[in-house]
Every structure is written in structure tokens, then in C-alpha cells.
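Encoded as C-alpha cells, the structure appears first; notes follow it.
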Amino acid sequence: MTITSPQLGGSEAWTDARLLYALEEVVEKELNRHLKVAKDWMPHEYVPFTDGRNFPGFFEDGQAWEPEQSKVTNIGKIALVVNLLTEDNLPSYHHEIASLFGRDGAWGTWVHRWTAEEGRHGIVMRDYLLTSRAVDPDQLEQFRMAHMAEGFESDNRHSMLHSVAYVAFQELATRVSHRNTGHQSGDPVCDRMLARIATDENLHMVFYRNLLGAAFEIAPDLTMQAVRDVVVDFRMPGHGMPGFERAAAQMAIGEIYNMRIHHDDVLQPVLRFLKVLDIDGLGPEGLKAQEELGLYMGGLDSEASKFDEKLAARKARMAARAAG
């Protein structure tokens with residue numbers, strides 16, 4: 001994908017390779033900033049191992065899993081499985097970004113650092129789920145095998161800028177999902193663990209958001225088109241896991257992740273910080289993308305308001321039923 005750049009002259013155009021080179025200095029700056037503020041932490045310190053018991057199998061004292069063994073709420077269990085299965089696909093995510101961003105220089109250092117940090121999330125979540133018996137361990141492993149066997153291909157693998165734009169929003173979406181899951185879990189231990197994970201995800205979002213801001217400075221039209229495309233067609237990376245649609249609907253009703261949260265807590269903060277809808281000096285294609293992005297956000301806000309009304313009515317019905 002290329003676009004003529006006024007900064008480069010009419011006969012030259014941006015390519016992924018040229019953009020990677022042009023943004024290398026920004027990546028190095030953001031990497032150094034990230035390494036200064038990111039704190040290493042130990043997954044095992046967040047897991048209540050003394051609560052653990054053997055499962056059936058090779059252990060004669062193994063105890064079969066039962067739903068009532070866990071203090072985690074039903075919506076918390078659903079969201080935890082979705083969140084963990086999403087983290088499980090880390091090998092595919094690493095392959096995607098390593099192929100796109102490369103393994104050399106600041107880009108490569110970031111790719112490997114990001115992968116290492118994300119690896120902690122899957123480790124601590126699985127240890128917590130098994131130790132606390134929050135979910136059926138057999139089903140969890142069956143889901144993991146099915147999900148990873150499908151593999152993962154990013155909707156945005158065709159373009160470096162589309163990929164940067166996507167992860168700027170997706171990292172924030174993951175942070176929000178983890179944080180809300182912790183709040184709704186009913187277990188302070190789970191809440192504390194997911195708060196720690198959410199802190200990492202927020203730092204990853206800041207890295208990509210700042211990188212996206214730099215892309216707007218050097219290739220504003222192409223970056224605006226990428227942001228428009230990503231926002232309009234946004235999907236979470238776990239969309240291919242078993243039962244995702246049903247789980248997503250339950251998480252929406254449970255106010256862990258829904259249209260209102262997506263609009264207010266994920267899309268708007270990034271767009272507002274970068275002043276995306278206020279950028280001027282765009283060419284015809286960039287201006288068109290900016291206008292379409294604004295219209296989409298307005299439409300999403302309206303749809304979110306309709307969802308809010310339905311959710312409020314549902315809550316009222318349930319309250320009346322409980323009172324009766």
C-alpha cells in the first residue's frame with residue numbers, strides 16, 4: 001500500500017518499508033520511555049497457591065471440578081475464559097508483528113519485549129483459574145486447543161499503519177476488559193491480578209498511541225485512512241474462539257465490554273488524545289476518511305444509547321421480578 005506524500009515530493013510514495021524506517025527513531029524513544037516506567041512483576045505472587053488442590057488423573061486424592069468451588073461470579077468466569085483464550089494466542093500475535101515490524105533495531109527490541117510482557121498475562125491468569133478452580137479445567141484446555149489450532153490472522157496484516165492503528169485501540173480495549181472483569185469477578189484476589197495486567201496493557205496502548213501520533217505527522221492522509229478503516233471494522237482478536245459470540249453478548253449485558261464501553265472508554269480516548277477529528281491540512285482522501293470517521297462515531301454513539309436503554313429496561317425488569 002502506498003500514497004503520494006507531499007513531504008517526500010510528488011514522485012515518491014510511502015511504503016511499509018519506508019514508514020518503518022521513518023518511525024524507527026520514534027520507536028526507540030518510546031521503547032526507552034516504556035522501559036523506564038514499566039515495572040517487572042512476578043506472576044506467582046498474584047496466585048493463591050495455598051487454595052489449590054489436585055485434580056483427578058494421576059493423583060489418587062484428585063478432586064473433580066464443580067462450579068460451586070469458586071467464589072468468582074458467573075459473568076466473571078465467562079470473561080476470564082475469553083480473556084485467557086485471547087492471551088493464549090500470543091505465538092500467533094508474535095508471528096504477526098515480528099513479520100510486519102521486523103526483528104532488528106528498535107522495532108525488533110519492542111516486538112520481543114512486548115511478547116515477553118504479554119506472556120506473563122497468560123501465565124498468571126491460567127495459574128489463578130486452576131488454583132482457584134474458577135472454571136472447568138478440561139473445558140478450558142479443550143477451548144485452548146480448538147482456538148489455537150485455528151491459528152490467527154490479523155485483519156490488518158496488509159498494512160503497517162493499519163496494524164499500528166489497530167493495536168492502539170486494541171490494547172486499550174484489552175485493558176478495559178481486564179479491569180472490568182476484575183471489578184465484576186467477586187474475588188479481590190482476581191481483581192488485584194487483573195489490575196496488574198491492565199497496567200501493562202495501558203502502557204502498551206500508550207506506546208502504540210504515541211507511535212500513531214507520529215505517523216499522523218509524517219503521513220497524515222494515509223494514517224487517517226488507516227484509523228478510519230480500523231475503527232469501522234474493529235474486531236477483538238479473540239473473535240475466532242469457541243462460543244465467542246455468546247460470551248461477547250453475555251459480557252455486553254454484564255457491562256464488561258459493550259458498545260457504550262467501546263465508544264466511551266476505548267475509541268474516544270485515543271481519538272481525543274490525538275485530536276484525530278480536528279486534524280487539518282489533509283488531502284482529499286484524508287479529509288474523506290476523517291469525515292467518514294466522524295459520521296461513524298456519531299452513529300456508534302446513537303447505537304450505544306439504544307443499547308443503554310435496553311440494558312436499563314432489562315435491569316428494571318429484573319429488579320421488579322426480584323422484588324415481587
Side-chain angles (χ1 to χ4, degrees), residues 30-31 33-35 37-41 43 46 75-76 78-90 93-94 96-97 110-111 113-126 128-129 154 156 163-185 187-213 227 230-231 234-239 241 244 247-248 251-252 254-274 276 300 304:
E30 289 302 315
L31 173 63
R33 180 198 55 75
H34 177 84
L35 293 175
V37 297
K39 295 181 179 179
D40 281 338
W41 54 278
Y46 288 81
I75 187 59
I78 292 168
L80 279 164
V81 171
V82 170
N83 292 351
L84 176 56
L85 290 179
T86 299
E87 299 286 357
D88 275 334
N89 250 346
L90 181 60
Y93 307 149
H94 174 83
E96 290 273 336
I97 64 172
W110 167 254
V111 166
R113 173 72 190 197
W114 175 87
T115 302
E117 291 184 3
E118 288 286 342
R120 288 184 180 133
H121 303 168
I123 292 170
V124 71
M125 289 178 67
R126 175 165 284 97
Y128 168 80
L129 289 178
S154 169
N156 303 288
S163 296
V164 170
Y166 175 74
V167 289
F169 294 108
Q170 186 269 325
E171 292 282 3
L172 183 52
T174 305
R175 172 201 178 277
V176 169
S177 180
H178 282 311
R179 202 67 193 94
N180 289 343
T181 299
H183 291 327
Q184 301 275 17
S185 69
D187 180 8
V189 175
C190 180
D191 191 25
R192 183 167 57 248
M193 171 192 67
L194 291 177
R196 176 60 261 185
I197 293 174
T199 299
D200 281 0
E201 302 290 9
N202 196 64
L203 291 177
H204 297 165
M205 178 277 293
V206 171
F207 178 94
Y208 286 119
R209 183 195 64 191
N210 292 350
L211 189 58
L212 187 61
V227 170
V230 163
V231 169
F234 186 88
R235 295 195 298 174
M236 289 294 275
H239 58 79
M241 69 181 59
F244 178 78
M251 290 169 67
E255 297 182 88
I256 287 177
Y257 201 95
N258 55 39
M259 276 192 291
R260 174 53 63 199
I261 293 170
H262 183 61
H263 178 277
D264 291 0
D265 299 339
V266 176
L267 298 182
Q268 283 284 30
V270 175
L271 295 176
R272 190 183 305 116
F273 183 89
L274 297 177
V276 173
L300 181 61

Suppose we screen for ring pair (Phe, Tyr, Trp, His ring centres under 6.0 Å). Which residues come up paired with [X], at least two apart in sequence or across chains?
X: H94; value: H112
X: Y166; value: F234
X: F169; value: none

At what distance, to the nearest 0.5 angstrom, does [atom1] of [X] lie from [atom2] of [Y]?
X: N180; Y: S185; atom1: CG; atom2: OG; result: 11.0 Å
X: L80; Y: Q184; atom1: CG; atom2: CD; result: 11.5 Å
X: L274; Y: N210; atom1: CG; atom2: CG; result: 7.5 Å

Does anything in residues 261-274 form a salt bridge (Lys or Arg N to Asp or Glu O under 4.0 Å)? List the pairs, not counting sequence neighbours. R260-D264
I need the full list of salt bridge (Lys or Arg N to Asp or Glu O under 4.0 Å) pairs touching residues 168-181, with sequence neighbours left out, sorted by first then second residue. R179-D191
Classify the ring geometry of H262 against Y257: parallel below 30°, tilted from 30° to 60°, perpendicular beyond 60°. tilted
Parallel, tilted or perpendicular: which one describes the rings of W114 and H204, with boundaries at 30° and 60°? tilted
For R33, what residues pass the side chain to side chain donor-acceptor pair (under 3.5 Å) criterion, not counting sequence neighbours? E30
Taking the six-membered ring for Trp and the single ring otherwise, decide whether the centroids of Y46 and W41 are under 6.0 Å apart. yes
